[in-house]
Amino acid sequence: MKKDLRMKILSWALVAALALGTGYFLWSGRAGGVQTLAAARFPEETVVIDAGHGGEDGGAVSISGVPESGINLAVALRLDQLFGLYGVRTEVLRTEDVSLHDSGAATMRERKVSDIHNRVERINAIENATLISIHQNTYPTAKYHGAQVFYSNGELSMALAQLTQETLRLSLDPDNNRVSTKIPDTVYLMNHISCRAILVECGFLSNPEEDQLLQSKGYQTKLATALCGAYLRFQDLYTKGELPNEGESSVFLYPMRE
């Protein structure tokens with residue numbers, strides 16, 4: 001059973017990757033008016049894609065001096081394009097390297113607070129939403145690497161987080177033993193929304209090898225493909241009623257690893 005589930009997940013990612021080879025990314029992206037290439041999939045659902053930070057708030061800075069905000073945006077736009085290929089409705093919170101603060105916010109602190117409050121308001125205004133928030137990690141030393149998925153709202157989001165973590169491991173980094181984890185209470189956005197929500201730390205900008213990967217267009221596309229494949233597989237299981245019940249271990253591939 002585990003082998004079958006592994007192959008199903010990888011098949012979603014493979015189909016998405018093959019789609020990229022058709023030249024789909026020659027298009028400018030749905031945010032610029034590109035048509036959807038498939039009939040609406042999960043028409044009652046909307047995936048909210050949040051590229052973390054933006055504008056003067058660059059977020060974490062890599063050891064090569066690159067802020068995470070641009071990397072977050074690159075992955076987010078690729079993910080939006082892939083969802084468009086599958087007819088998934090999306091809402092992209094930002095499509096440029098800008099902050100989403102109110103015009104009246106005067107100081108940088110006020111702008112950051114306004115930005116995060118506006119994101120929360122936009123997310124909560126969307127019915128039947130699933131949030132995928134994209135970020136990059138960092139640490140004082142270079143020893144850590146690997147993506148990690150965080151989630152909020154408990155059982156509503158846990159299954160998607162587990163499946164996304166496992167898909168990232170299988171498709172990008174087989175030695176990554178990180179597990180999906182409940183988001184800390186200190187992360188304002190994730191703790192003030194009511195929908196299904198995951199936050200993906202795609203890797204460590206403090207690790208030289210991973211820093212270079214995260215800046216490469218090819219790896220950004222692989223990340224987007226894995227996130228797209230995980231969501232499609234999650235919705236497939238959800239519509240079939242095959243998600244684990246509350247209190248059960250994940251049935252996707254492997255039990256949660258320490």
Side-chain angles (χ1 to χ4, degrees), residues 8-9 11-20 22-52 54 72-96 98 100 118-135 149 151-153 156-164 167-168 189-190 192-200 202 220-243:
K8 286 181 179 179
I9 289 174
S11 70
W12 284 112
L14 178 59
V15 169
L18 289 173
L20 300 182
T22 66
Y24 183 71
F25 278 114
L26 295 176
W27 293 21
S28 61
R30 284 198 292 164
V34 171
Q35 294 179 346
T36 297
L37 297 187
R41 193 182 187 107
F42 321 123
E44 302 302 319
E45 303 286 329
T46 298
V47 178
V48 181
I49 304 174
D50 172 42
N72 298 341
L73 181 60
V75 176
L77 294 179
R78 284 166 168 75
L79 180 58
D80 179 49
Q81 290 176 319
L82 273 172
F83 278 140
L85 188 64
Y86 287 99
V88 176
R89 178 189 299 148
T90 62
E91 177 75 19
V92 185
L93 294 190
R94 68 178 180 95
T95 58
E96 301 176 283
V98 296
L100 302 179
N118 286 340
R119 294 183 198 231
V120 167
E121 184 177 357
R122 285 181 62 181
I123 295 165
N124 283 333
I126 299 171
E127 294 184 3
N128 301 318
T130 293
L131 172 69
I132 301 177
S133 185
I134 298 170
H135 288 258
V149 181
Y151 64 91
S152 62
N153 299 323
L156 181 63
S157 308
M158 183 184 297
L160 175 59
Q162 290 177 347
L163 182 52
T164 303
T167 303
L168 288 165
L189 183 146
M190 293 288 285
H192 287 80
I193 56 177
S194 56
C195 65
R196 181 183 297 113
I198 61 172
L199 184 151
V200 183
C202 298
Q220 292 165 359
T221 298
K222 290 179 181 179
L223 283 164
T225 300
L227 297 178
C228 177
Y231 176 79
L232 294 174
R233 180 59 182 149
F234 168 81
Q235 285 291 7
D236 183 52
L237 290 168
Y238 181 81
T239 56
K240 293 178 180 178
E242 296 178 2
L243 291 174

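What you are looking at is a predicted structure, and each value in this text was computed from that prediction instead of being measured. Quick note: residue numbers are just sequence positions, from 1.
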**Asked** How would you list, by chain and number, every residue that makes a side chain to side chain donor-acceptor pair (under 3.5 Å) with R94, sequence neighbours excluded?
**Response** none

**Prompt:** From L227 CG over to T167 OG1, what is the distance, rounded to the nearest 0.5 angstrom?
**Reply:** 9.0 Å

**Complete:** Closest non-hydrogen contact found for V120 with L189 is CG2-CA, 3.8 Å

**Request:** Specify the closest pair of heavy atoms between L160 and A230, including all atoms of both residues, with the distance to one decimal.
**Result:** CD1-O, 4.4 Å

**Message:** In this structure, is the centre-to-centre distance between the rings of F42 and Y238 below 6.0 Å?
**Reply:** no

**Message:** Test your reading of the model: is there a side-chain donor-acceptor pair from R196 to the backbone of S157, 3.5 Å cut-off?
**Reply:** no

**Fill in**
When every non-hydrogen atom of F234 is compared with those of L163, the smallest separation belongs to N-CD2, 3.5 Å

**Request:** Check whether any side-chain heavy atom of Y231 lies under 4.5 Å from a side-chain heavy atom of V88, and answer yes or no.
**Result:** yes

**Message:** Counting C-beta onward and ignoring hydrogens, is there a side-chain heavy-atom pair between V200 and L168 closer than 4.5 Å?
**Reply:** yes

**Asked** Among all residues two or more places apart in sequence or in another chain, which pass the side chain to side chain donor-acceptor pair (under 3.5 Å) test with E45?
**Response** none

**Message:** Rounded at 0.5 Å granularity, tell me how far SG in C195 sits from CG in N128.
**Reply:** 10.0 Å

**Prompt:** Is there a donor-acceptor contact under 3.5 Å from the side chain of S152 to the main chain of M190?
**Reply:** yes

**Item:** Distance-minimising heavy-atom pair for R89 and T46
**Value:** CD-OG1, 3.0 Å

**Complete:** All heavy atoms of L156 vs all of S194, minimum pair found to be CD2-O, 3.7 Å

**Message:** To the nearest 0.5 Å, what is the distance between CD1 on I193 and CZ on R119?
**Reply:** 12.0 Å

**Request:** Enter the distance from L93:CG to I126:CD1 here, rounded to the nearest 0.5 Å.
**Result:** 7.0 Å

**Message:** Testing the basics here: between C228 and L79, what is the closest heavy-atom pair and its distance to 0.1 Å?
**Reply:** N-CD1, 3.6 Å

**Message:** To the nearest 0.5 Å, what is the distance between CG on L85 and CG on D80?
**Reply:** 11.5 Å

**Request:** Answer yes or no: is there a donor N or O on one side and an acceptor on the other, between the side chain of N72 and the main chain of D50, under 3.5 Å?
**Result:** no

**Item:** Separation between CD1 of I134 and CG of L199, rounded to the nearest 0.5 Å
**Value:** 9.5 Å

**Complete:** Residues at least two apart in sequence or cross-chain that pass salt bridge (charged side-chain N to carboxylate O under 4.0 Å, His left out) with E121, listed by chain then number, are none

